Student: 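This is the structure, below, for whatever I ask next.
Heavy atoms only: backbone and side chains are in, while hydrogens, waters and symmetry mates are out. Heads up: numbering here begins at 1 and tracks the sequence. The structure displayed is predicted, hence computed values, not measured ones.
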Amino acid sequence: MVQYKQQKRDPFAFSLIAQMVLDEALHNYYKEYYEREIDIALDTKDKERFMRLSAEYKAFLS
């Protein structure tokens, strides 16, 4: 039987990891959202919407 040392659980580390996972999920969601909406604007030839979404997407990526 293998015995492992009891590791201390650091609430700060768990909180930091949870925040990183949430940030990554939100980043991926909004990236896909902007790409999808820009594609729709292109397909429908909606120049105003394309320009607005492109500017927002560029700011998002910065």
Student: Flag yes if L42 and Y33 sit in one hydrophobic cluster, no otherwise; membership is Ile, Leu, Val, Met, Phe, Trp, Tyr, and two members link when side-chain heavy atoms are under 4.5 Å apart.
Tutor: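 Yes; Y33 is reachable from L42 via cluster members.
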
Student: How long is the gap from CG on D46 to CZ on F50, to the nearest 0.5 Å?
Tutor: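 CZ of F50 is found 10.5 Å from CG of D46.
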
Student: L26 and I17: same hydrophobic cluster, using ILVMFWY side-chain contacts below 4.5 Å?
Tutor: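 Unlinked, L26 and I17 end up in two clusters.
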
Student: Excluding sequence neighbours, so at least two apart, what forms side-chain hydrogen bond (donor to acceptor under 3.5 Å, both in side chains) with Q19?
Tutor: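 Partners of Q19 by the side-chain hydrogen bond (donor to acceptor under 3.5 Å, both in side chains) criterion, ordered by chain and then number, come out as D23.
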
Student: What residue pairs, at least two apart or across chains, pass side chain to side chain donor-acceptor pair (under 3.5 Å) with a residue in residues 49-62?
Tutor: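 Output for this query lists Y34-E56, E35-Y57, E37-R49, R52-E56.
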
Student: If you link ILVMFWY side chains whenever their heavy atoms are less than 4.5 Å apart, which other residues fall into the same cluster as L16? By chain and number, please.
Tutor: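 For the cluster that includes L16, the remaining residues are F12, M20.
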
Student: Hey, any chance Y29 and L53 share a hydrophobic cluster, counting ILVMFWY side chains that come within less than 4.5 Å of each other, even indirectly?
Tutor: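 Same hydrophobic cluster.
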
Student: Are there over 12 heavy-atom neighbours, none belonging to F60, within less than 6.0 Å of that residue's CZ?
Tutor: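 More than 12 within 6.0 Å, yes.
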
